[in-house]
Amino acid sequence: NYKHCLKLCSAFLQKQPGHALCKVLHAVALERCGRRDEALRLCDEALAAPSGVDDTVRNTAAIVFRRCRQGSSVFRVYEAGWAADADNEEYAASLYTAALRVGEFARAQQVATKLYSKLKKTKFVNWIVVALLFQGRSGAPSQILDLATIMLQKAPIDKDLLNGERGFNRTQHYLVLMHLDTLRMRGKFDEA
């Protein structure tokens, strides 16, 4: 019952007006009751708390921003979270997807590149290529597609999979699609 939650949060905030977690929980209840402007204002107040913000507050505020279709605010939340804890892979992944959603493709590429250099997982090479392809589609110079081709060389395609000798592998399937997309965008239709 969100109305009861509103009552409890209001009473608590009367006693401790600076409590960031209670503010974002109040914002969740406000958003669920249809009072989005108030919810967004409370989230902004909670994130600007002078005492600092923890993961729970950030993630709860991101939920409110997402439900209110405030993509740029979600991006800001995860960017601040990753700046505070650069080793947090979850924040980096959330920042990457938020950057893609708001059209910050170069920032998404930077995040994926940092993740790949730290963790050396091939999935981050795929993330880099996706960000590069989005940049290519949005009118970036053709050198972006050359960089995508170079990055794809770091993630070779499994030939046994293409020959049907092994079962379906979603990662390899997406990798093939990225290779094809890169070739098409570069105008190499015969190679594709």
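Since the structure is predicted, the reported quantities are computational estimates derived from the model, not experimental observations.
Rounding to the nearest 0.5 angstrom, the gap separating the CG atom in Leu40 from the OG atom in Ser73 is 7.0 Å. A distance of 5.5 Å separates OH of Tyr116 from NZ of Lys120, quoted to the nearest 0.5 Å. To the nearest 0.5 angstrom, Leu6 atom CG is 6.0 Å from Arg35 atom CZ. Separation of atoms CD1 (Ile144) and CZ (Phe105) is listed at 12.0 Å; rounding is to 0.5 Å. Glu79 contributes atom CD, which lies 13.0 Å from atom OG of Ser94 (distance to the nearest 0.5 angstrom). A distance of 9.0 Å separates CG of Leu25 from OG1 of Thr56, quoted to the nearest 0.5 Å.
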CA sep, side-chain torsions, deciding dist, call: Asp181, Arg137, side-chain contact (heavy atoms from CB on, under 4.5 Å): CA-CA 11 Å; Asp181 208 17; Arg137 284 202 174 117; 2.6 Å; yes
Please step through side-chain contact (heavy atoms from CB on, under 4.5 Å) for the pair Asp44 and Arg76, ending with a clear verdict. CA-CA 11 Å; Asp44 288 335; Arg76 273 194 348 245; 3.5 Å; yes
From CA spacing to verdict: side-chain contact (heavy atoms from CB on, under 4.5 Å), Val129, Leu133: CA-CA 6 Å; Val129 173; Leu133 291 176; 4.0 Å; yes
Could you walk me through whether Leu119 and Phe124 satisfy the side-chain contact (heavy atoms from CB on, under 4.5 Å) test, starting with their C-alpha distance in whole Å, then the side-chain angles of each, then the deciding distance to 0.1 Å, before giving a yes or no? CA-CA 9 Å; Leu119 304 173; Phe124 299 127; 3.7 Å; yes
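Across all non-hydrogen atoms, the minimal contact from Val111 to Ala92 is CG1-O, 3.4 Å. Taking all atoms of both residues into account, the shortest heavy-atom contact from Ala106 to Gln135 is CA-NE2, 3.7 Å. Minimum interatomic distance between Trp127 and Tyr96 (heavy atoms only, all atoms of both residues): O-OH, 2.7 Å. The nearest pair of heavy atoms linking Leu145 to Met185 is CD1-O, 3.6 Å. The heavy-atom pair separating Arg186 from Asp146 by the smallest distance is NH2-OD1, 3.1 Å. Taking all atoms of both residues into account, the shortest heavy-atom contact from Ala27 to Ala39 is O-CB, 3.3 Å.
A single hydrophobic cluster is not seen to contain both Ile63 and Val57; linkage of ILVMFWY side chains at heavy-atom distances under 4.5 Å, directly or through other members, places them apart. Both Val125 and Leu100 sit in one connected hydrophobic cluster of ILVMFWY residues. Membership requires side-chain heavy atoms under 4.5 Å apart, directly or through other members. Clustering ILVMFWY residues whenever any of their side-chain heavy atoms sit less than 4.5 angstrom apart, transitively, puts Phe134 in the very cluster that holds Leu132. Tracing side-chain contacts under 4.5 Å through hydrophobic residues (I, L, V, M, F, W, Y), one never reaches Leu42 starting from Val64; they form parts of separate clusters. Note: the hydrophobic cluster containing Val102 also contains Tyr78 (ILVMFWY, side chain heavy atoms under 4.5 Å, direct or indirect links).
At a threshold of 4.0 Å, the pair Arg58-Asp85 does not count as salt-bridged, since none of the basic side-chain nitrogens sits closer than that to a carboxylate oxygen. The pair Glu89-Lys121 meets the salt-bridge criterion, since a charged nitrogen lies less than 4.0 angstrom from a carboxylate oxygen.
Residue-environment remark: NZ (Lys118) exceeds the threshold of 12 foreign heavy atoms within 6.0 Å. More than 12 non-hydrogen atoms from other residues, nucleotides or ligands lie less than 6.0 angstrom from CD of Glu38.
Residues Gln109 and Val130 have side chains not in contact (no heavy-atom distance under 4.5 Å, counting atoms from C-beta outward). Side-chain atoms of Met178 and Asn126, non-hydrogen and from C-beta on, do get closer than 4.5 Å to each other. Here the side chains of Ser10 and His26 are in contact, with some heavy-atom distance below 4.5 Å. Within the 4.5 Å cutoff, the side chain of Arg184 has heavy atoms near those of the Leu180 side chain.
Legend: salt bridge (Lys or Arg N to Asp or Glu O under 4.0 Å) pairs involving residues 13-29, not counting sequence neighbours, sorted by first then second residue: Lys23-Glu45. Under the ring pair (Phe, Tyr, Trp, His ring centres under 6.0 Å) criterion, no residue pair touches residues 49-72, with sequence neighbours excluded.
Residues satisfying the side-chain contact (heavy atoms from CB on, under 4.5 Å) criterion with Pro17, sequence neighbours excluded, are absent altogether.
With Leu152 as the fixed residue, the side chain to side chain contact (heavy atoms under 4.5 Å, CB included) test singles out one of Leu183, Ile128, Leu175: Leu175.
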